[in-house]
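Report on the following structure.
Counting starts at 1 for both ligands and their atoms, following the listed order.
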Amino acid sequence: MPYTYPHKDLLDIERLTVADITAILDRAEHYAAQNRSGQKKSPILDGKTVVNLFYEPSTRTRTSFEIAAKRLGADVVNIPVEHSSVKKGETLLDTALNIAAMQIDALVVRHAETGVPHFIAPQIKASVINAGDGTGEHPTQGLLDAFTIRRHKKTLQGLTIAYSGDLVRSRVAGSFIRLMSKFGNTIRAVAPQDFLTDKFKNLGVDTTTDMQAALDGADVVMTQRIQLERMNEGQFAMSLKEYAERFGLNHDKLKAAKPDVIVMNPGPVIRDVEISSALADDPRYSVIREQVENGVAVRMAVLELLLNR
Ligand code: CP
């Protein structure tokens with residue numbers, strides 16, 4: 001029987017099953033090949049309307065949702081929040097309800113408050129896709145990260161993964177860790193103590209402040225920038241130089257990992273802080289640009305599965 005995505009929305013990884021994730025990634029393989037071909041378009045969403053509503057800045061996610069929807073033949077509207085009636089005091093819900101009244105099919109939402117897409121979803125008929133909510137989740141980022149790993153490692157199971165970054169505030173971590181833990185992997189999170197939390201302990205995630213211990217025998221290293229915009233002024237006590245020395249990934253520290261390790265970063269990359277510029281650009285290890293490329297294919301798969309249920 002062909003697979004049918006069982007939800008109206010894509011709000012988080014938490015409620016996806018291994019079968020849902022596998023179906024999305026399998027379909028993304030089709031689009032990844034198509035995106036490299038001479039004919040990138042397949043108009044299966046002809047007549048559908050996708051609206052991007054981003055209350056926070058974005059380069060990769062917003063652009064790749066737009067490209068993904070257009071490659072599938074959908075019409076795409078980007079709401080420039082800074083020039084919208086939000087600036088006149090219109091509430092978030094009124095904004096969503098008014099956009100939904102235009103008979104759209106999908107609303108892609110990014111917001112600084114955790115839970116905003118979950119709040120909007122039951123109130124509108126269109127599919128809501130979480131493009132990053134506060135410190136919650138960023139599910140399509142988790143899916144594209146998993147897709148990239150599966151392509152390189154030929155599996156999503158039994159891997160040793162080091163995650164370096166802010167577990168407390170990172171929505172990328174929220175989706176990535178939930179997804180990879182569903183498949184049975186060893187996950188070690190490494191960061192300054194202030195960035196570590198027990199919230200993923202029930203998923204079997206070990207935390208450490210020791211980079212070498214985290215990297216030892218790793219198949220995959222995910223690096224992530226410090227989430228300064230989610231901290232109060234003065235909350236980040238360490239200097240960027242000290243952070244880079246202790247937690248920034250470079251060729252020397254990477255020697256502790258497996259020889260065929262892949263190095264990832266969801267972007268934006270803050271060069272020479274969480275990762276050295278030389279390593280970020282080293283094609284022997286870095287798959288950072290592949291992550292961005294794969295984001296289009298994964299978002300095409302997500303849009304197709306949600307809008308053609
Ligand atoms: N990875 C990611 O979400 O990047 P953007 O903030 O540029 O969308």
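Those atoms of ligand 1 with a heavy atom of Thr59 less than 4.0 angstrom away are 5 (P), 7 (O), 8 (O). Counting the atoms of ligand 1 from 1 in the order shown, those under 4.0 Å from a heavy atom of Thr61 are 2 (C), 3 (O), 4 (O), 5 (P), 8 (O). Close approach of ligand 1 to Gln141 (heavy-atom distance below 4.0 Å) involves ligand atoms 1 (N), 2 (C). Taking every heavy atom of His138 and a limit of under 4.0 angstrom, the matching atoms of ligand 1 come to 2 (C), 3 (O).
Ligand 1 lies nowhere less than 4.0 angstrom from a heavy atom belonging to Glu56. The shortest separation from a heavy atom of Gly267 to ligand 1 is under 4.0 Å, placing the residue in contact.
The neighbour count for Gln193 CD, taken as heavy atoms of other residues, nucleotides or ligands under 6.0 Å away, does not exceed 12.
Within the 4.5 Å cutoff, side-chain heavy atoms of Lys241 are placed close to those of Glu245.
Nearest protein neighbour of atom 6 (O) of ligand 1, counting heavy atoms only, is Arg110 NH1, 2.9 Å. Protein heavy atom in closest approach to atom 4 (O) of ligand 1: Arg60 NE, 3.0 Å. The single protein non-hydrogen atom nearest to atom 1 (N) of ligand 1 is Pro266 O, 2.9 Å, given as residue, atom name and distance.
With sequence neighbours left out, Glu82 forms a salt bridge (Lys or Arg N to Asp or Glu O under 4.0 Å) with no residue at all. By the salt bridge (Lys or Arg N to Asp or Glu O under 4.0 Å) test, Asp216 is found to be paired with no residue, residues two or more places apart in sequence or in another chain being considered.
For Arg309 and His7, the side-chain atoms include no donor-acceptor pair closer than 3.5 Å.
Between Ala126 and Asp9, the shortest heavy-atom contact is O-OD1, 3.8 Å.
Tyr285 and His251 have perpendicular rings, their planes meeting at more than 60° on a 0 to 90° scale where under 30° would count as parallel.
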